[in-house]
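Structure first, commentary second.
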Amino acid sequence: MPIQWEYTDHKAPDKPGAFSFADGDGPALRLTLWPHRSLPASGFVWFIGVTFAMFMLPLLALLGTAALWGLLPFLMGALALIWYSLRRSSAQGQLREVLSLWHDHVDLSRHNPHAPDQNWQANPHWVQIKLRPIGGPVENYVTLRGNDRTVEIGAFLSADERLTLYVELQRAFSR
């Protein structure tokens, strides 16, 4: 599952009185979400190489003929289109959502590959975690509501992963 949970154990402050973990310590919980990446960089190289070899194999019979030059631009255009499509898909895989939870506030940052970053902050005591099993943009749609704003989280995950995320978020916010 493309989810990473990082917990930090905070010790009590040395001096008594009001203390905020946001005053210098990191969050008690950091959750990082990213979309599935089914083709790593080495797999991309192999796929393009094998596709190129398969495209060139039928052209061996056409070596020395004018038909070779008629087919070559179309095969190279198809290879370029495959290359572009896979690179575009890989760029979408750079999407990241990071949820940081302190005892006095929560911060959700979405790092988009082709758009500005989006941020949301709220008080964790007032955050409502909602699950819409049906009727949302995706099945098991998970949202966070706080600070008079509703934001989605993990919409790119599978339906089962979003259900697991919902349960784990409920557990993390109840601590």
Side-chain angles (χ1 to χ4, degrees), residues 1-10 21-22 24-52 54 78-175:
M1 191 154 83
I3 296 176
Q4 179 182 4
W5 293 89
E6 297 174 32
Y7 294 93
T8 306
D9 292 330
H10 292 291
F21 288 115
D25 285 345
L29 168 80
R30 177 167 289 154
L31 166 67
T32 305
L33 305 166
W34 61 91
H36 288 279
R37 306 275 320 258
S38 59
L39 186 65
S42 61
F44 172 80
V45 170
W46 276 101
F47 181 79
I48 292 296
V50 169
T51 303
F52 176 78
M54 291 179 70
L79 187 64
L81 187 59
I82 291 170
W83 178 291
Y84 172 77
S85 300
L86 288 175
R87 280 294 167 206
R88 180 106 174 130
S89 174
S90 177
Q92 291 298 330
Q94 300 301 318
L95 175 71
R96 294 280 182 272
E97 288 182 355
V98 179
L99 178 80
S100 302
L101 180 63
W102 287 264
H103 82 287
D104 60 348
H105 79 279
V106 61
D107 179 54
L108 177 64
S109 300
R110 182 181 173 113
H111 306 285
N112 298 305
H114 300 295
D117 289 352
Q118 298 167 305
N119 293 306
W120 170 81
Q121 293 182 349
N123 185 328
H125 302 289
W126 300 108
V127 171
Q128 298 173 345
I129 305 166
K130 300 278 186 181
L131 175 70
R132 288 171 52 189
I134 55 173
V138 292
E139 184 182 346
N140 292 336
Y141 188 59
V142 180
T143 59
L144 304 174
R145 177 153 179 80
N147 245 5
D148 293 330
R149 190 169 154 210
T150 302
V151 294
E152 71 180 19
I153 184 168
F156 47 79
L157 299 173
S158 70
D160 294 336
E161 290 169 339
R162 283 189 298 274
L163 189 58
T164 303
L165 174 66
Y166 171 73
V167 171
E168 291 179 0
L169 283 174
Q170 290 279 25
R171 188 176 307 130
F173 274 83
S174 66
R175 289 185 190 176

Quiz item: What residues, two or more places apart in sequence or in another chain, satisfy side-chain hydrogen bond (donor to acceptor under 3.5 Å, both in side chains) together with S89?
Solution: none
Practice problem: Kindly write out the residues that satisfy side-chain hydrogen bond (donor to acceptor under 3.5 Å, both in side chains) with N123, not counting sequence neighbours, or none if the list is empty. | Solution: none
Self-check item: Side-chain heavy atoms of P2 within contact of L157, under 4.5 Å
Solution: yes
Quiz item: From E168 CD over to L31 CG, what is the distance, rounded to the nearest 0.5 angstrom?
Solution: 8.5 Å
Quiz prompt | Test side-chain contact (heavy atoms from CB on, under 4.5 Å) applied to L39 - qualifying residues, sequence neighbours left out | solution = F44, L86
Quiz item: Would you call L165 and L33 a side-chain contact if the rule is heavy atoms closer than 4.5 Å?
Solution: yes
Quiz item: Got a sec, which pairs hit salt bridge (Lys or Arg N to Asp or Glu O under 4.0 Å) with one end in residues 133-149, sequence neighbours left out?
Solution: none
Quiz item: Going through the distances and angles, do L169 and L99 end up as a side chain to side chain contact (heavy atoms under 4.5 Å, CB included)?
Solution: CA-CA 10 Å; L169 283 174; L99 178 80; 3.5 Å; yes
Self-check item: Minimum heavy-atom distance between A122 and V127, given as atom pair plus value
Solution: CB-CG2, 3.9 Å
Quiz item: What's the spacing between F156 CZ and E161 CD if we round to 0.5 Å?
Solution: 9.5 Å
Quiz item: Is there side-chain contact between P124 and L101, with heavy atoms separated by less than 4.5 Å?
Solution: yes
Quiz item: Roughly how far, to the nearest 0.5 Å, is OH of Y166 from CD1 of I153?
Solution: 13.5 Å
Quiz item: Where the side chain of W120 meets the backbone of N147, is there a donor-acceptor pair that is under 3.5 Å apart?
Solution: no
Practice problem: Please tell me if the side chains of I129 and F173 come closer than 4.5 Å, counting only heavy atoms from C-beta onward. | Solution: yes
Practice problem: State which residues pass side-chain hydrogen bond (donor to acceptor under 3.5 Å, both in side chains) with N112; sequence neighbours excluded, sorted by chain then number. | Solution: R110, Q118
Quiz prompt | Pairing residues for S100 by the side-chain hydrogen bond (donor to acceptor under 3.5 Å, both in side chains) criterion, not counting sequence neighbours | solution = R30
Exercise. Count the heavy atoms belonging to other residues, nucleotides or ligands that lie under 6.0 Å from CG of L81, then report whether that count exceeds 12.
Key: yes
Quiz item: For residues 120-134, which residue pairs qualify under salt bridge (Lys or Arg N to Asp or Glu O under 4.0 Å), counting only residues two or more places apart or in two chains?
Solution: none
Self-check item: Any donor-acceptor N/O pair, E97 side chain to L108 backbone, under 3.5 Å
Solution: no
Quiz item: For V138, which residues count as a side-chain contact (heavy atoms from CB on, under 4.5 Å) partner, sequence neighbours excluded?
Solution: Y141, R162
Quiz item: To the nearest 0.5 Å, how far apart are CG in L163 and CG in N140?
Solution: 5.0 Å
Quiz prompt | Set of residues satisfying side-chain contact (heavy atoms from CB on, under 4.5 Å) with respect to P113, sequence neighbours excluded | solution = Q92, Q94, L95
